[in-house]
Amino acid sequence: MKDTNSQTLFEEALDRIPGGVNSPVRAFGSVGRTPFFVDKAKGPYLYDVDGNCYIDYVCSWGPGILGHAHPKVVEAVKAISEKGLTFGAPTKGEVELAHLVEDLVPSIEMLRLVSSGTEAVMSAVRLARGYTGREKIIKFEGCYHGHSDGLLVKAGSGLMTESIPDSAGIPEGYARTTLLAEYNNCESVKRLMEEEGHDVAAIIVEPVAANMGVVPPEKGFLEFLRQITLKYGALLIFDEVITGFRLGIGGAQEYYQVRPDLTTFGKIIGGGMPLAAYGGRKDIMSCVAPKGAVYQAGTLSGNPLSVAAGLETLKILADNTQIYTQIDKAAGRIEEAYQKKGIRVNRVGSLLNPFFTQEPVKDYQSAKRADTRKFADYFGYMLENGIYVAPSQFEAMFVSGAHGEEELSRTCRVIEEMPEEFCAK
Ligand SMILES: *Cc1c(COP(=O)(O)O)cnc(C)c1O
């Protein structure tokens with residue numbers, strides 16, 4: 001290929017890769033644009049193959065809490081790669097990582113490493129079914145738990161962006177085992193539990209929903225889920241693939257002081273490499289093979305390079321927990337800039353996003369009523385001014401420790417100078 005600018009690369013890609021991308025939202029479809037192709041990234045900045053530089057608030061959809069290519073993380077991966085890339089046999093790093101996560105996250109007594117968030121959640125759900133001997137699960141509209149069958153109903157994230165409520169290709173019988181409740185609506189959970197509670201293996205929830213935009217749990221919601229699962233003998237699974245090590249070193253369960261039975265991790269835990277995990281109560285985790293009868297395996301599970309990146313990232317965070325105060329304040333400044341323009345913002349810590357709507361956003365239905373055309377105009381304006389936010393109304397904006405004074409003041413200025421027609425309420 002001679003020309004390698006984004007436009008020609010995308011045209012080539014369209015012929016060879018479905019939709020030109022390896023994950024749907026990357027295609028920029030809902031903002032009516034074609035994607036840029038990335039050359040490299042460093043700290044808060046992303047550079048495309050056309051020579052543009054952007055302040056990056058996507059951060060690879062969450063992993064980049066330290067910014068891109070943190071020198072210590074890169075060094076750790078380089079050093080370990082000299083010793084070999086994969087062995088399919090246990091390594092010391094895996095034990096260290098399990099130890100560290102168990103120290104940092106309140107409910108984790110045992111941990112199993114896998115390669116993606118999808119795999120972590122799929123495995124945790126299988127485990128919940130194996131442990132309880134029940135088939136059904138309850139999930140919430142607008143929560144995304146990866147793309148495994150049965151979790152792709154009203155799943156937020158790319159499905160919401162692409163206006164696909166339910167994926168094709170999922171057997172009806174499978175989807176029937178997933179019961180849908182409304183986020184922040186305790187009544188909707190109570191009704192389902194009254195009817196089917198004794199067949200429910202688990203309630204799975206994003207403790208802060210961050211795949212329909214950012215939607216915080218209302219006061220008492222997570223506590224209610226804890227109580228009702230205990231009442232019916234079902235498990236509570238927190239999908240902390242985004243919130244884990246993001247809202248604080250102990251994740252959402254520490255932030256909200258609610259203890260789930262099982263937790264899934266992804267994104268930050270891999271420090272930018274493919275790594276995810278599920279863990280929780282020892283008696284439940286002991287049901288996983290080879291100790292127990294719930295099967296789950298992986299050729300590249302606990303890959304040494306991924307473990308090195310994750311371990312280094314978590315160590316840096318654990319040794320510098322002031323970073324959480326820093327990114328919370330930084331996100332607060334960006335929030336204020338939107339508010340000055342009369343734009344609604346939802347925020348928890350360093351997770352935030354503007355919603356182009358007049359009403360409070362507290363669930364899937366209210367999120368869906370946001371004006372995605374206005375969002376597309378806003379996205380284009382930000383990009384043209386050197387700021388990359390997620391190309392969808394229904395994703396979060398991620399602030400990292402690498403976003404410094406210069407980047408933040410530029411970001412706030414660009415927001416404050418936004419043409420009124422994009423933000424008029
Ligand atoms: C990203 C995400 C997943 C899926 O993780 P992948 O690594 O993309 O498979 C699952 N749950 C939540 C909450 C996520 O944000």
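All ligand and atom numbering here is 1-based and tracks the order in the structure.
- Ring centers of Y388 and F36: under 6.0 Å apart, within the cut-off.
- Contact residues of ligand 1 (protein heavy atom closer than 4.0 angstrom to a ligand atom; sorted by chain and number): S116, G117, T118, Y144, H145, G146, E206, N211, D239, V241, I242, K267.
- Relative to the six-membered ring of F356, K374 misses at least one condition, a distance below 6.0 Å or an angle of at most 45° to the axis.
- Checked against a 6.0 Å centroid threshold, the rings of F245 and F265 count as neighbours.
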Donor-acceptor contacts under 3.5 Å from residues 76-83 side chains, at least two apart:
| residue | atom | partner | partner atom | Å |
| --- | --- | --- | --- | --- |
| S81 | OG | V77 | O | 3.4 |
| S81 | OG | K78 | O | 2.7 |

Show me the donor-acceptor pairs, under 3.5 Å and distance only, between side chains in residues 128-137 and residues at least two apart or in other chains.
| residue | atom | partner | partner atom | Å |
| --- | --- | --- | --- | --- |
| R129 | NE | E135 | O | 2.6 |
| R129 | NH2 | E135 | O | 3.0 |
| R129 | NH2 | T177 | OG1 | 3.2 |
| Y131 | OH | R281 | NH2 | 3.0 |
| Y131 | OH | D283 | OD2 | 2.9 |
| T132 | OG1 | A128 | O | 2.7 |
| T132 | OG1 | R134 | N | 3.2 |
| R134 | NE | H198 | O | 3.3 |
| R134 | NH1 | G197 | O | 3.3 |
| R134 | NH1 | V200 | O | 2.9 |
| R134 | NH1 | Y232 | O | 2.8 |
| R134 | NH1 | G233 | O | 3.4 |
| R134 | NH2 | Y232 | O | 2.9 |
| K136 | NZ | E196 | OE1 | 2.6 |

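- Applying the ring pair (Phe, Tyr, Trp, His ring centres under 6.0 Å) test to residues at least two apart or on different chains, none of the pairs has a partner in residues 291-339.
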